[in-house]
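Below: the structure, in structure tokens.
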Amino acid sequence: MAPLKAVTLTHVRYPRGDQLGHFLAWVSLVPVFISLGGFISHFIFRRELQGMFFALGLIISQFINELIKTSVQQARPETCFLLETCDSHGWPSSHSQYMFFFAMYFTLLTSKGIGLWDSRNNWIVNSWSWSLAFLTMYSRVYLGYHTIAQVCAGAILGIFLGSLWFWVVYSVLSPYFQAIEESAFGRMLYVKDTSHIPNVLKFEYDNARAARKKVPSKSN
């Protein structure tokens with residue numbers, strides 16, 4: 001019988017009975033939750049150009065990570081024998097790079113007043129993103145998937161790529177958002193850009209209430 005191999009996307013091991021390890025195993029799955037639950041649902045329900053380019057940047061970042069890993073080919077720590085991950089390279093950590101890219105880009109996004117909520121509450125959501133980034137980095141070392149050097153390299157690369165991609169989107173690509181919005185593709189998929197609206201949630205809330213007032217009541 002051929003040896004079995006797990007799908008590492010959601011295959012995270014921790015020592016039996018270790019409550020902290022159990023918690024950190026779930027933390028290390030945050031990139032999966034963000035990608036599958038966050039960006040996919042964001043595209044389905046919101047169709048925001050900023051969110052689409054945010055997701056595209058994360059995909060490019062992970063592609064760069066794989067290129068570096070296959071070029072450097074640095075082994076994971078010895079604990080990978082127990083975790084069944086010795087067939088993949090460890091430098092830099094893709095989990096760490098993903099989360100620090102996310103935290104950096106998200107912070108820069110909100111600093112420019114681009115977001116769903118009032119900018120006065122940005123520090124709350126930014127603290128959550130950075131806390132999750134550091135927890136994810138710690139979880140990969142604690143669970144034995146990476147060395148400290150590997151997660152630090154991933155964090156530094158994630159911060160650099162997040163900053164670079166934000167500059168590309170904000171300075172180079174955003175002037176074309178209106179053209180994308182008005183294109184046949186944008187109209188077909190209801191793609192929109194709301195980066196010029198300070199508080200998108202309040203804007204949508206006010207417009208939804210105003211539209212309801214224009215609808216004739218059922219009693220009439």
Side-chain angles (χ1 to χ4, degrees), residues 9-10 29-67 94-95 97-130 132-133 136 157-216:
L9 183 66
T10 58
L29 292 176
V30 169
V32 179
F33 299 147
I34 291 175
S35 299
L36 300 182
F39 284 110
I40 292 179
S41 61
H42 183 278
F43 173 77
I44 293 173
F45 296 108
R46 301 204 60 83
R47 315 291 175 92
E48 295 275 357
L49 281 169
Q50 283 288 352
M52 293 179 192
F53 280 98
F54 195 168
L56 178 62
L58 284 166
I59 293 172
I60 294 173
S61 172
Q62 292 305 291
F63 180 73
I64 293 173
N65 181 274
E66 287 300 319
L67 285 179
S94 58
H95 282 72
Q97 181 176 323
Y98 183 103
M99 288 306 300
F100 278 87
F101 182 107
F102 179 88
M104 190 71 236
Y105 192 97
F106 190 78
T107 300
L108 292 172
L109 200 67
T110 56
S111 71
K112 295 295 184 180
I114 303 172
L116 294 175
W117 44 80
D118 192 337
S119 59
R120 291 174 297 181
N121 299 320
N122 285 342
W123 69 271
I124 299 176
V125 291
N126 286 334
S127 63
W128 272 102
S129 64
W130 286 102
L132 285 174
T136 303
L157 186 57
I159 291 173
F160 170 74
L161 291 176
S163 304
L164 177 63
W165 182 247
F166 179 81
W167 177 83
V168 170
V169 173
Y170 189 78
S171 301
V172 180
L173 300 177
S174 61
Y176 299 98
F177 279 7
Q178 186 175 355
I180 297 173
E181 197 176 33
E182 297 297 330
S183 67
F185 168 81
R187 290 176 177 273
M188 180 179 67
L189 294 180
Y190 301 112
V191 170
K192 63 181 182 294
D193 173 34
T194 58
S195 57
H196 57 286
I197 302 173
N199 190 332
V200 178
L201 284 179
K202 185 178 185 303
F203 175 82
E204 293 180 348
Y205 173 75
D206 292 339
N207 279 273
R209 293 187 63 194
R212 181 178 293 276
K213 293 178 181 178
K214 298 177 182 179
V215 176

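Since the structure is predicted, the reported quantities are computational estimates derived from the model, not experimental observations. Side-chain atoms are counted along with the backbone in the values below, which use heavy atoms only and exclude waters and symmetry mates.
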[X] side chain near [Y] side chain, heavy-atom distance below 4.5 Å:
X: Ile34; Y: Met99; result: yes
X: Trp165; Y: Phe54; result: no
X: Asn65; Y: Tyr98; result: no
X: Met104; Y: Leu161; result: no
X: Glu48; Y: Val191; result: no

Kindly compute the distance separating [atom1] ([X]) from [atom2] ([Y]), expressed to the nearest 0.5 Å.
X: Phe100; Y: Leu132; atom1: CZ; atom2: CG; answer: 10.5 Å
X: Ser183; Y: Leu189; atom1: OG; atom2: CG; answer: 9.0 Å
X: Ile44; Y: Ile40; atom1: CD1; atom2: CD1; answer: 7.0 Å
X: Glu181; Y: Thr194; atom1: CD; atom2: OG1; answer: 9.0 Å
X: Phe106; Y: Ser111; atom1: CZ; atom2: OG; answer: 11.0 Å

Identify, with sequence neighbours excluded, every residue that meets side chain to side chain contact (heavy atoms under 4.5 Å, CB included) alongside [X].
X: Phe203; result: Ile197, Asn207
X: Trp167; result: Ser171, Val172
X: Ser174; result: Phe177
X: Phe166; result: Tyr105, Leu108, Leu109, Lys112, Tyr170

Quiz prompt | Partner set under salt bridge (charged side-chain N to carboxylate O under 4.0 Å, His left out) for Arg187, not counting sequence neighbours | solution =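 Partners of Arg187 by the salt bridge (charged side-chain N to carboxylate O under 4.0 Å, His left out) criterion, ordered by chain and then number, come out as Glu182.
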Practice problem: Mind jotting down which residue pairs meet the salt bridge (Lys or Arg N to Asp or Glu O under 4.0 Å) criterion with at least one end in residues 159-177? Sequence neighbours excluded, please. | Solution: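 Applying salt bridge (Lys or Arg N to Asp or Glu O under 4.0 Å) to every pair that reaches into residues 159-177, excluding sequence neighbours, yields nothing.
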Exercise. Might you confirm whether atom CD of Gln178 has over 12 heavy atoms from other residues, nucleotides or ligands at distances under 6.0 Å?
Key: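 Counting neighbours around CD of Gln178, 12 or fewer heavy atoms of other residues, nucleotides or ligands fall under 6.0 Å, so no.
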Quiz item: Under the 3.5 angstrom rule, does the side chain of Arg47 hit a backbone N or O of Phe43 as a donor-acceptor pair?
Solution: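 Such a contact is found between Arg47 side chain and Phe43 backbone.
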Quiz item: Hey, is the main chain of Ser61 close enough, under 3.5 Å, to the side chain of Gln97 for a donor-acceptor pair?
Solution: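 Looks like yes, one N/O pair under 3.5 Å.
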Exercise. Please say which of Val169, Asp193, Leu173 ends up in a side chain to side chain contact (heavy atoms under 4.5 Å, CB included) with Leu49.
Key: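 Exactly one option meets the side chain to side chain contact (heavy atoms under 4.5 Å, CB included) with Leu49, and it is Asp193.
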Self-check item: Closest non-hydrogen atom pair between Ala103 and Ser129, with its separation
Solution: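 Closest approach of Ala103 to Ser129, heavy atoms only: CB-O, 3.9 Å.
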Exercise. Answer with yes or no after comparing the ring centroid distance for Phe101 and Phe160 against a 6.0 Å cut-off, counting only values under it.
Key: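 Aromatic pair excluded; centres sit 6.0 Å or further apart.
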